[in-house]
Amino acid sequence: MIGEEFGPSEWMSVPQDRIDLFADATDDHQWIHVDPERAAAGPFGAPIAHGFLVLSLLIPLWTSLFDVDGVTTKVNYGLNRVRFVSPVAAGSRVRLSFVLADVEEVKGGAQLTLAMTIELEGSERPAVAAEFLARFYV
């Protein structure tokens, strides 16, 4: 399956209340995220989602496209590179596509490398581009 493309996923909304909850969870209450009035006059013209919030949506978007059966444990192993390419304004929608770039054996299981893109609705540029590593243990 190496080289196979998956997606796109269904669109997922990024409303202001999700951004506010993420700000609370991470103690990152920067005005560009949580102050709609001030953010409207700021550099992006609206409040924007935290880059790490958009990146975290990788998990529900990915699992809607791909799953591995017959394993006991699934682990997010990390990221090789991440770029927050375009700001995601509150109320925007994103979706995921990825290519299975590599599969390698690791002790007790396998590691998958995914070249993933989180697309931003209405934009020619993605919201996030990253290489994601996931491990599956038997």
Does CD belonging to Glu37 count more than 12 external heavy atoms closer than 6.0 Å?
no

Taking the side chain as everything from C-beta on, heavy atoms only, tell me whether Met1 gets closer than 4.5 Å to Phe66.
yes

Between the side chains of Asp24 and His29, is a donor N or O closer than 3.5 angstrom to an acceptor N or O?
yes

Flag yes if Ile59 and Leu21 sit in one hydrophobic cluster, no otherwise; membership is Ile, Leu, Val, Met, Phe, Trp, Tyr, and two members link when side-chain heavy atoms are under 4.5 Å apart.
no

Non-hydrogen atoms of Trp11 and Arg93 that approach each other most closely:
CD1-NH2, 3.2 Å

Do Val94 and Val82 share a hydrophobic cluster, counting only Ile, Leu, Val, Met, Phe, Trp and Tyr and linking them when any side-chain heavy atoms are less than 4.5 Å apart?
yes

Beyond-backbone contact of Ile48 with His33, side-chain heavy atoms, under 4.5 angstrom:
yes

Using a 4.5 Å cut-off on heavy atoms from C-beta on, say whether the side chain of Glu10 contacts that of Ser64.
no

Is there a side-chain contact between Thr117 and Leu96 (heavy atoms, below 4.5 Å)?
no

Would you give me the side-chain donor-acceptor pairs under 3.5 Å for residues 127-138, sequence neighbours excluded?
unit_1, atom_1, unit_2, atom_2, d
Glu131, OE1, Asn80, ND2, 2.5
Arg135, NE, Gln111, OE1, 2.7
Arg135, NH1, Tyr137, OH, 3.4
Arg135, NH2, Tyr77, OH, 3.4
Arg135, NH2, Gln111, OE1, 2.9

My understanding is that only residues two or more places apart in sequence, or in another chain, count here; which of them pass salt bridge (Lys or Arg N to Asp or Glu O under 4.0 Å) with Asp27?
none

Is any side-chain heavy atom of Leu79 closer than 4.5 Å to a side-chain heavy atom of Leu55?
yes

Hey, what do you get for CZ (Arg95) to CG (Leu65), rounding to the nearest 0.5 Å?
10.5 Å

Grab the two heavy atoms, one from Pro87 and one from Phe44, that are nearest each other, plus how far apart they are.
CG-CD2, 3.7 Å

Is there a donor-acceptor pair under 3.5 Å between the side chain of Ser123 and the backbone N or O of Arg125?
yes

Shortest non-hydrogen contact from Pro126 toward Val85:
O-CB, 3.2 Å

Atom of Ala101, atom of Ile2 and distance for their closest heavy-atom approach:
O-CG2, 3.4 Å

Can you tell me how far apart OG (Ser86) and CD1 (Ile118) are? Round to the nearest 0.5 Å.
12.0 Å

Would you say CD of Glu104 has more than 12 non-hydrogen atoms from neighbouring residues, nucleotides or ligands within 6.0 angstrom?
yes

Roughly how far apart are Trp62 CH2 and Leu112 CG, rounded to 0.5 Å?
6.5 Å

Do Asp28 and Phe52 have side chains that approach each other closer than 4.5 Å (heavy atoms only, starting at C-beta)?
no

According to a 4.5 Å side-chain heavy-atom criterion applied to Ile, Leu, Val, Met, Phe, Trp and Tyr, with indirect links allowed, do Met12 and Leu114 form part of one hydrophobic cluster?
yes

Using the rule that Ile, Leu, Val, Met, Phe, Trp and Tyr join whenever any side-chain heavy atoms are under 4.5 Å apart, tell me whether Val14 and Trp31 fall into a single cluster.
no

Measure across Val103 and Ala110 and return the closest heavy-atom pair with its distance rounded to 0.1 Å.
CG1-CB, 4.4 Å

Where Phe84 and Gly51 come nearest, the two heavy atoms and their spacing
CE2-O, 3.0 Å

Could you tell me whether the side chain of Arg18 reaches within less than 4.5 Å of the side chain of Leu57, counting heavy atoms only?
yes

Please check if Val88 and Ile32 belong to a single hydrophobic cluster, counting links between Ile, Leu, Val, Met, Phe, Trp and Tyr side chain heavy atoms closer than 4.5 Å.
no

